[in-house]
**Student:** 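Sharing a structure here in structure tokens format.
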2 protein chains.
Amino acid sequence: MAARKENSTYTLNEKFITECDLTYAVNKIGGRWKILIIDKLANQKLRFGELKKEFPNITERMLTLQLRALEQDGLVKRTVYAEVPPRVEYELTQMALEFVPIFRQLSEWGGKHRNLTQKLKIRDKP
Amino acid sequence: MAARKENSTYTLNEKFITECDLTYAVNKIGGRWKILIIDKLANQKLRFGELKKEFPNITERMLTLQLRALEQDGLVKRTVYAEVPPRVEYELTQMALEFVPIFRQLSEWGGKHRNLTQKLKIRDKP
DNA sequence: TACGGTACTAACAAAAATGTAAGTAATGGC
DNA sequence: GCCATTACTTACATTTTTGTTAGTACCGTA
């Protein structure tokens, strides 16, 4: 999200890893709040302020940054209404909608994983 | 991977977002090299040195960190053979193997997304 | 006794992501 | 004129993630 030095190992490695479509994909949804935002928008348009209310501790700055990134990556469409006070609506694009089913599977896997891990931890106790 | 201050907003927010199984899941595979490592191990066991050769610019430190995290999260099994020089083999766990099909779908989506985005960028040129 | 090979570890530095706090524009209603 | 509302932006601080460099243990072999 900020400007980057070219040719740093950091940048070179990023290029290398995103040659893989999967890593590329995960990078697109990798921000801290992006997935949750996509989830909230899966069934409805929402205004900036409405999204903000969904996440008690998010700052306006972070919400803005994540939405901008999603917009840049073609996953969210932003519509500004020329009113005062301003009204801005966010909705998913077709590409993001295609992600939603995969999304659900990942979520299921996550839940299963969480349970298993917790059980393992209980077992670990002496 | 390092020790964290409790109760920083950063940590609080992390707890909040990982209440969602999906975000939880994505966090597990979120490190820079984790997905690529899982990919390489999808069909075979590999030794530390073999993994290292798969990623030209990875440092030993990063490879170690990512493998440790995957091991902690129950996605990779580490087997040490008591030999000199040492031999250590890494393989996926059942849970990681269950992730692989989802993985493939995500990868497909990523490829599609990459193509679309590139086309959009071409179109954007005046 | 020195050396090679493997799989690391430790101390430090750079870069990125996230959070804090304050401020902005625009305009209709009082 | 002043205030409230909304969706931001800016400068800065904190925290995490990633990279750099140098080193370690082990033991069979030369």
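By convention in this document, chain letters (A, B, ...) are assigned in the order of the sequence lines, proteins followed by strands, and residues within each chain are numbered from 1. Both backbone and side-chain heavy atoms feed into the values below; hydrogens, waters and symmetry mates do not.
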**Student:** Does the side chain of A:Trp33 get closer than 4.0 angstrom to OP1 or OP2 of C:dG19 through an N or O atom?
**Tutor:** yes
**Student:** For A:Lys53 and D:dT5, what is the distance between atoms NZ and C1' respectively, to the nearest whole Å?
**Tutor:** 12 Å
**Student:** Give a yes or no on whether a salt bridge exists between A:Arg104 and B:Asp21, defined as a side-chain N under 4.0 angstrom from a carboxylate O.
**Tutor:** no
**Student:** Taking atom P of D:dT18 as reference, at what distance in whole Å does atom CG of B:Leu36 sit?
**Tutor:**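 It works out to 12 Å between those atoms.
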**Student:** Side chain of A:Arg32, backbone of B:Ile17: donor and acceptor closer than 3.5 Å?
**Tutor:**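 Pair absent, no side-chain N/O of A:Arg32 close to backbone of B:Ile17.
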**Student:** Under the 3.5 Å rule, do the base of D:dT9 and the side chain of A:Arg61 count as making a donor-acceptor pair?
**Tutor:**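 There is none.
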**Student:** Return the value, rounded to whole Å, for the distance between atom CZ of B:Phe55 and atom C1' of D:dT18.
**Tutor:**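 Atom-to-atom, B:Phe55 to D:dT18, this comes out as 16 Å.
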**Student:** Let me know the distance between CG of A:Leu67 and P of D:dT6, rounded to the nearest Å.
**Tutor:** 17 Å
**Student:** Report yes if a side-chain nitrogen or oxygen of A:Gln66 is closer than 4.0 Å to either non-bridging phosphate oxygen (OP1 or OP2) of C:dA17; otherwise report no.
**Tutor:**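 Result: no.
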**Student:** With rounding to the nearest 0.5 angstrom, report the NZ to CZ distance, B:Lys53 to B:Arg47.
**Tutor:**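 Result: 8.5 Å between the selected atoms.
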**Student:** Do A:Phe103 and A:Ile35 have side-chain heavy atoms sitting under 4.5 Å apart?
**Tutor:** yes
**Student:** Between B:Lys15 (NZ) and C:dG19 (C1'), how many Å, whole number?
**Tutor:**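 After rounding, the reported distance stands at 17 Å.
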**Student:** Calculate the interatomic distance between A:Phe16 atom CZ and D:dG19 atom P; express it in whole Å.
**Tutor:**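 Taking CZ of A:Phe16 and P of D:dG19, I get 12 Å after rounding.
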**Student:** Would you tell me if any nitrogen or oxygen in the side chain of B:Arg68 comes within less than 4.0 Å of OP1 or OP2 on C:dT9?
**Tutor:**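 Affirmative; the distance criterion is met.
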**Student:** Separation of A:Leu12 atom CG from D:dG19 atom C1', in whole Å?
**Tutor:**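 Result: 12 Å.
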**Student:** Under 4.5 Å between any side-chain heavy atoms of B:Asn13 and A:Ile58, yes or no?
**Tutor:**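 They are not in contact (no side-chain heavy atoms under 4.5 Å apart), so the answer is no.
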**Student:** What is the distance from CG of A:Leu65 to P of C:dG19, rounded to the nearest Å?
**Tutor:**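 Between P of C:dG19 and CG of A:Leu65: 10 Å.
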**Student:** Enumerate the residues from residues 75-86 of chain A whose closest heavy atom to DNA chain D is under 4.0 Å, giving them by residue number; use none for an empty result.
**Tutor:**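 The stretch gives A:Arg78, A:Pro85, A:Pro86 as the residues lying under 4.0 Å from the strand, ordered by number.
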**Student:** Looking for any heavy atom pair under 4.0 Å, which part of the strands does B:Asn13 touch: base, sugar-phosphate only, or nothing?
**Tutor:** sugar-phosphate
**Student:** Parallel, tilted or perpendicular, judged at 30° and 60°: which one describes the rings of B:Tyr24 and A:His113?
**Tutor:** tilted
**Student:** Ignoring the backbone of B:Val88, work out which of C:dA7, C:dG19, D:dG19 is nearest its side chain.
**Tutor:** C:dA7
**Student:** If the condition is side chain to side chain contact (heavy atoms under 4.5 Å, CB included), which residues does B:Glu98 pass it with, not counting sequence neighbours?
**Tutor:** A:Trp109, A:Lys112, B:Gln94
**Student:** Determine: side-chain N/O of B:Thr9 to OP1/OP2 of C:dT20, distance under 4.0 Å, yes or no.
**Tutor:** yes
**Student:** May I ask you to test the A:Leu36-B:Cys20 pair for a side-chain heavy-atom distance under 4.5 Å?
**Tutor:**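 Yes - at least one pair of side-chain heavy atoms lies under 4.5 Å apart.
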**Student:** Given D:dA7, is OP1 or OP2 found less than 4.0 Å from the side-chain N or O atoms of A:Arg87?
**Tutor:**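 Checking A:Arg87 against D:dA7: no side-chain N or O falls below 4.0 Å of OP1 or OP2.
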**Student:** Please tell me if A:Arg47 has a side-chain N or O lying less than 4.0 Å from either OP1 or OP2 of D:dT6.
**Tutor:** no
**Student:** Counting heavy atoms from C-beta on, name the nucleotide in D:dT18, C:dG19, C:dA16 closest to the side chain of A:Met62.
**Tutor:** C:dG19
